[in-house]
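Okay, so here's the structure we're looking at.
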4 protein chains.
Amino acid sequence: MIRFECDYAEGAHPKILEKMVETNFEQTPGYGVDEYCESARNRIKQLCGNDKIDVHFLVGGTQTNMTVIASMLRPHQGVISANTGHVNVHETGAIEATGHKVLTVASADGKITAGQVRKVYEAHWNDVTHEHMVQPGMVYISHPTENGTTYTKAELEALSKVCSECQLPLFMDGARLGYGLEADGSDLTLKDIAKLTDIFYIGGTKVGALFGEAVVISNDSLKKDFRYLIKQRGGMLAKGRLLGIQFDVLFNDNLYFEVSKHAVKLAMLIRNAFNEKGYKFLYDSHTNQQFPIIPNDKLEILSQKYSYSFWERIDEKHTAVRFCTSWATREEDVKLLIADIESL
Amino acid sequence: MIRFECDYAEGAHPKILEKMVETNFEQTPGYGVDEYCESARNRIKQLCGNDKIDVHFLVGGTQTNMTVIASMLRPHQGVISANTGHVNVHETGAIEATGHKVLTVASADGKITAGQVRKVYEAHWNDVTHEHMVQPGMVYISHPTENGTTYTKAELEALSKVCSECQLPLFMDGARLGYGLEADGSDLTLKDIAKLTDIFYIGGTKVGALFGEAVVISNDSLKKDFRYLIKQRGGMLAKGRLLGIQFDVLFNDNLYFEVSKHAVKLAMLIRNAFNEKGYKFLYDSHTNQQFPIIPNDKLEILSQKYSYSFWERIDEKHTAVRFCTSWATREEDVKLLIADIESL
Amino acid sequence: MIRFECDYAEGAHPKILEKMVETNFEQTPGYGVDEYCESARNRIKQLCGNDKIDVHFLVGGTQTNMTVIASMLRPHQGVISANTGHVNVHETGAIEATGHKVLTVASADGKITAGQVRKVYEAHWNDVTHEHMVQPGMVYISHPTENGTTYTKAELEALSKVCSECQLPLFMDGARLGYGLEADGSDLTLKDIAKLTDIFYIGGTKVGALFGEAVVISNDSLKKDFRYLIKQRGGMLAKGRLLGIQFDVLFNDNLYFEVSKHAVKLAMLIRNAFNEKGYKFLYDSHTNQQFPIIPNDKLEILSQKYSYSFWERIDEKHTAVRFCTSWATREEDVKLLIADIESL
Amino acid sequence: MIRFECDYAEGAHPKILEKMVETNFEQTPGYGVDEYCESARNRIKQLCGNDKIDVHFLVGGTQTNMTVIASMLRPHQGVISANTGHVNVHETGAIEATGHKVLTVASADGKITAGQVRKVYEAHWNDVTHEHMVQPGMVYISHPTENGTTYTKAELEALSKVCSECQLPLFMDGARLGYGLEADGSDLTLKDIAKLTDIFYIGGTKVGALFGEAVVISNDSLKKDFRYLIKQRGGMLAKGRLLGIQFDVLFNDNLYFEVSKHAVKLAMLIRNAFNEKGYKFLYDSHTNQQFPIIPNDKLEILSQKYSYSFWERIDEKHTAVRFCTSWATREEDVKLLIADIESL
């Protein structure tokens, strides 16, 4: 069985493990104040083109989302998100468990627009009973989204502008950020994102690391006491250097971008193969996740050799599924898959 | 200005104030263990036809909803509700503030169906990633709903059956329960409700009392330590006898039902007047709230003498509004309104 | 049985009930924006000598404490309180239920000192592991305390100064504020309290009202969106005018101060009677609560005619109890009690 | 500088890294359902002598404590803990952030007794106002404690018995469990602990792993839906096999116990050295943490070559500090230290 079901099926990029082995018996202080964390922080600051940002390392995505969101909102505020957003659907209510409502806006492809944000904002403040309703307090987006779609620079600028006008800080979930930055046709850079969002994170777990997410805070008012909040939500790793080492390796010599590019390139090959076959896609993704709509009988054939994720039943005869590539996907496996798609 | 905008514009039924004045200097123990509370409890038990139920008195609706819901759910569970439900829309996130997500189902008229509940339940348990999602833990309905609509006995039986099969306790918000029980054509009694729900409450605030909601718990497993939870959520009134007195008076000589009937009768007169005029209604309500769709120019005329609540913009020329009656509405005011409707 | 066990055994001052009856059929808007609330607010502003303060009305003490505290703290912060504080002992964990730790300091008499606050503050910030500990975020005091003791103006000034220096907003629970202001020898006024605290409340429930607490916010940074928080925590009364009417009556013609003075005067008579008898007191209270230490055999005699609260077992032969007076206590009852004390 | 300040200064036992490298490109399902987790679970079940227990893997200690405690309590309940307990002091209020109070009992050495638990229980239920207080809902202990002290089998049996009688489930924090099991003179085994507690965890982070804690649930009523709770609190690692691999290696060929024994042996050598010198100890620890009380001038000498943790100022001339050994401590470093102690 060759696995395309997710982008976290393997361990980590070998360079990361090498560095861990190499440094294993070094003694460092705990909780993220060691020199590896410091070095990783500096690399990220440089890539973001801003040495005033704060950088923190947490272990996983749900943990990061709840820590960031709970740190930004007052008790009566909620977070605006696409109805398909990870925080709304796949975190077992982690956000609500910190006391906050997720204020959903309908999204066909996982993205939300500047117009939608403004509409939620205005609907709230124009309602005479607004004190009886959850106040929008921030905006959550992911890039790429759960559906592999990405924001253009123009779209992110528009969102950023509206957020600023409505005093709604903008938070970007970048669990798969590398695959977004290297998406076919993307015009967004880390520098843009650091500038256009108030806070975002660079996902490691799905992009070459064993685990780890690097939170970047640009907005000064969100920086205060963030380490307390990491600790309180269970995200402060005792051996913090494990996170530092990983991001230090990933942001050395462009490794993070290279492994991302690798995954996207292979995903686009898979996309083309399905495309050639005349299959449609549930979402127009140019990242490492592809969502082809496949006739059930053909899918059954693929199932014998390849694993994928079920996504949505389309009709009696068709199913939408997800094929994922990652930093670890082997070119030869993709070639096998493509050959099998061609002969369906 | 004659006010039809809500059902809490006046004080309380005079008999309640009389009793308060009469008993004012009696000394009673605090926190709901006095003889007035005990008497009110007994009256409610009798009306529910069940002396094994537990009855508690709280001050207001939002407080009651959050106390009940937080007492019933484990941390990873959410409450199924109509998207229009009071707990979802108009409680400033009180439910989320106790850590729980509101799991919404779309509702055109404020009601949810047994089929919808089963679908949410099955969708959850059939999803392989269900541990990453909020688990449905209970069902919240209101009767009447925010839109004045009511459940039939058959509908409530169906809901109750599904809830029981899915092990989802059923909670009925009865903030306006009297107006539901006395709704034109209603076939539901207090006894039915006590039997078909696991927990519900009898609203006082909008039905003749100064304030107060009487929670009735039928399901034994939900009874334990409920008084702790009332105290923790701020609902345990020091002078608990004020709640006891009110419900004791309301459930003496059928007062609660009579004042409810009064309000519904007047509301139906208003309904008929709009109906005769050929106006449609946003919801088919047979209770104390009516939602006529009125041409904007005609509405302007009514606005000069009567207050109502804006509900929804229908199109450029029409608006849906809410006219409320209550236990306190004067027949002569309704007659004036009807005359003015007729001459629109 | 004549009850001295608490200060909430009766209803309300007759003038309050009169006003409620008188205004019963007036129609007012809900949720605290009616003219009675407005009038009460103005009276309180005048008494506080500051028309820039915000005044809000809530129903009960626990509700007020949790709403205020949860509105003031960020998630990683806690509230400094005497270990005997109501928020620490007698609110079923309402503060923790909003996510915050109560940081206790030992208190012999219910009060805390400026020195204690500074010590907690310094201990936190001097600890190298402070990010692993709850950060002190505010100070909670009550006046009078649970033990009937009161702050002098000098003590409150010292506390206020330290709080300001440590950036810890000062919150005063005034559930029994009237009895504190009228305490024998008190040199504190409402004006002082409004000036020396950031936020405090004027208790109604125990001082002449049926129920109700008036929150006064002096510190501008604590004012924002407070009504949302009241609604979320279940404290926004639909018929808000019930709170407005009560405080409007209480602060008309000094009624609040007069009924407080009445209670304190009677309490001091009881105190003197025990004193004459040679009994000691657990706390040196000059307010409406008295805590005599009584030989068990004598206590048994008093028990036949009077109710009181058990407070603490002192030794095999002595017990500390609480005798409370209130706005409603009758002079003749106190005279009977004193006669019986004298003849013990 | 040779570091004795904590037991998490290095990476992981080399066998763990070897296995990670070896399995790096294997594809496994995520979230803890892979074969490595399954194998580790089976080893733990066998060592606990009970194949009915549930075993879950989480990333860190604070995360585990809050997840376990929040899963066990109803909203009005709190957890009994030593005042020195990690959950009370060093988790930035993580427990309170889930809504629960830590009910502290005074402890001189970090342990609590069966008698103390019974006293808290009885004090609660004997208090007539108990509904106004947080209800004790479970007991938290750590073994070894923060102070290096350990429970004897008889002490744990007594605690277990009282907990069972009071219906207070017993939770043991085993962040340093290995060092407790291998403590000089310990008569407790993993089997005993699995039998005498309702839930406990086996710490990996401080005992040879990169990170990771293995939760063992013996009490059936605590097993339900635990994976939801792990996910909600941010503890469900995407690449769950990283936890499985680590515990699988640690519980293969007794590695966990051997590395623990190693640390304890070296700690006892340090203890003896201080002892010979006539220095006293703050706590009587037979585990990997030692708390000697050292004259300040002598401490200054040691500081030049060795790092340790400051613990407590004893008097003007003496300070209590902590020296930690771990699975990674080198024998030659301890010898150097001992030589330097001898020549103080």
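Given the structure is predicted, the values throughout are model-derived calculations rather than measurements. Just so we're on the same page: letters track the sequence lines, and every chain starts at 1.
For the atom pair B/Ile95 CD1 and A/Glu96 CD, the distance stands at 12.0 Å (nearest 0.5 Å). Taking OG1 of A/Thr92 as the reference point, atom NE2 of B/His132 lies at 6.5 Å (rounded to 0.5 Å). The line from CD of A/Glu91 to CE of B/Met133 is 11.5 Å long, rounded to the nearest 0.5 Å.
The neighbour count for A/Glu300 CD, taken as heavy atoms of other residues, nucleotides or ligands under 6.0 Å away, does not exceed 12.
Interface remark: A/Gln135 contributes no atoms to any contact with chain B (heavy atom separation under 4.5 Å). If you measure heavy-atom distances from B/Glu131 to chain A, the contacts under 4.5 Å come from the backbone alone. For a residue to count as touching a neighbouring chain, one of its non-hydrogen atoms must lie under 4.5 Å from one of that chain's; by this rule A/Val102 touches chain B with the side chain only.
A heavy-atom distance below 4.5 Å is found between the side chains of B/Thr129 and A/His90.
The residue among A/His100, A/Gln77, A/His76, A/Lys101 with the most heavy atom pairs within less than 4.5 Å of chain B is A/Lys101.
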